[in-house]
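Being a predicted model, the structure only gives us computed values, none of them experimental. What you see below is based on every heavy atom in this structure, not just the backbone, and it leaves out hydrogens, waters and symmetry mates.
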Amino acid sequence: MTAIPTAARARGLTTAQWLLALLGLNALWVTDILIMDGGLSDNLLTVVGRATGLYGALVLVFQLFLIARVPWLERGLGMDQMTRWHRWTGFWVLWLLLAHVVFITLGYAASDGSPVLGELGTLVFDTDDVLKATVAMILLVGVAVTSARAARRRMRYETWHFVHLYAYLAVILGFLHQVTTGRDFIGSPIATAYWWTLYSLALAAILVARVLLPLWRNARHQLRVQRVVAESPTVVSVHVTGRRLGELPARAGQFFLWRFLTKDRWWEAHPYSLSAMPDGRSLRITVQALGDGSAWMRTIRPGTRVFAEGPYGSFTSSRRGRRGALLIGGGVGITPVRALLEELRGDVVAVYRANQWEDTVLATELRDLAQHTGAQLHMVVGPVDANLLSAAHLVSLVPDVRERDVFVCGPPGMTDAVLSTLRALDVPAAQCHAERFAFAA
């Protein structure tokens, strides 16, 4: 019987509440800085402009901590919650900073008695540091536009990821603007020390978690492709080996950002989940080798060096708090579910949703694992409009679904539909653990 860690869920809730409380305390401190610097003596438009600029900078720093993916923070929040927070804080940064631009311009124009467009032109073109901020604002707008769901559906992951790298340049340019012309940044030694400390901590977190730690792990483990196996005409598995893999803190259900260091693909980072439980000797990913994004993976040669960033994600057995577990996977989202099925013991039910039998991935392995572990396996195959995995259908497959922890992974549409079904069945939210196969990385 698998031990059930009941503290895992409490840790996640505590982490979220702690982060929100910390953000609230910093917002109060930023407001205090504004007041201490005499900010309320300006006209109302300028006060609003200064306040939105400060709050925008604060949320931007919070965003940097989310980008860093500090391991303990990711374990506490979970990948899906971090992704949602990252998305919404990004849009809050954009709206707050746009409001800053608008209200500061209006406020200065009202104070000077000058036309609004003339005031805007003076701020942008006659002040170098404001010009830097303008470039930063344009970059942030570009990042936000490509983050909209309609835009993301039309973009390759590599393109989306490359555009998002410009956010770092926007942060640097915005910071240079803040520390040279922002009254609330340079108005007092306390304010200056506060903002420098805040930005330093955020950038240090990114440097350590996203640069130094991956470099150290890859130097230590020396990952290489061991072999490439065709699972079907459209699916391949890539087996990766290396040194001391038993010391790599990877778990079933997690994913890495993979770079295969070939001459023409070394710069591409691909977010793929482990499709087998790590055994200390090798790691395996299973990929739909279709289109420009991944079809080339069929041609990877054994011995190719691999650079992997991670592991990421909290879609693991550590989230289990009930004796019974239900695993639901769809499409290639079955890969982390297959890895979890290999690890979990006890009362486990697995459901695999596919539109047609030709779309199923690792089906033979799933059947063998279910037989070996004593788990129940349901292959649910049919078109999208077949009303499969509806509330009635899911209860017919798993009558005690309300008593189980439910792990769901698949395309965003399928995942959202299953989570909606679980809510309709009154499955407690704390028992529902989801990871969407999208641009979570």
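Within 6.0 Å of CG in Leu117 there are 12 or fewer heavy atoms belonging to other residues, nucleotides or ligands. The 12-atom threshold is not exceeded at CH2 of Trp92, counting heavy atoms of other residues, nucleotides or ligands nearer than 6.0 Å. Atom CD1 of Ile190 has 12 or fewer heavy atoms from other residues, nucleotides or ligands within 6.0 Å. Around CZ of Arg220, the count of heavy atoms belonging to other residues, nucleotides or ligands within 6.0 Å exceeds 12. The number of heavy atoms from other shown groups lying within 6.0 Å of OH (Tyr166) does not exceed 12.
Taking 4.5 Å as the limit, some side-chain heavy atom of Leu20 sits within range of a side-chain heavy atom of Trp85. Put simply, the side chain of Met137 reaches to within 4.5 Å of the side chain of Leu98, judged on heavy atoms. Here the side chains of Leu58 and Leu54 are not in contact, with every heavy-atom distance at 4.5 Å or above. Under the 4.5 Å side-chain criterion, counting only non-hydrogen atoms from C-beta, Leu23 is not in contact with Leu19. Under the 4.5 Å side-chain criterion, counting only non-hydrogen atoms from C-beta, Arg320 is in contact with Leu344.
Each ring-ring contact (aromatic ring centres under 6.0 Å, His included) pair with one or both residues in residues 325-346, not counting sequence neighbours, would appear here, but there are none. Screening residues 102-111 for side-chain hydrogen bond (donor to acceptor under 3.5 Å, both in side chains) gives Asn43-Ser111 as the qualifying pairs, with residues at least two apart or on separate chains.
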Report, one line per pair, each donor and acceptor closer than 3.5 Å where one atom sits in a side chain of residues 305-316; sequence neighbours left out.
from	atom 1	to	atom 2	distance (Å)
Glu309	OE2	Arg210	NE	2.4
Glu309	OE2	Arg210	NH2	3.3
Glu309	OE2	Tyr312	OH	2.5
Thr316	OG1	Ser318	N	3.3
Thr316	OG1	Ser318	OG	2.7

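Listed by chain and number, the residues in a salt bridge (Lys or Arg N to Asp or Glu O under 4.0 Å) with Arg281 are Asp279 (sequence neighbours excluded). In terms of the side-chain hydrogen bond (donor to acceptor under 3.5 Å, both in side chains) criterion, Ser420 has no residue partners (sequence neighbours excluded). A search for side-chain hydrogen bond (donor to acceptor under 3.5 Å, both in side chains) contacts involving Glu403 returns Arg322, not counting sequence neighbours.
Using modelled atom types, one finds a donor on one side chain and an acceptor on the other under 3.5 Å when comparing Ser237 with Thr286. Under the 3.5 Å distance criterion, with hydrogens and angles disregarded, a donor-acceptor pair is assigned to the side chains of Arg284 and Ser275.
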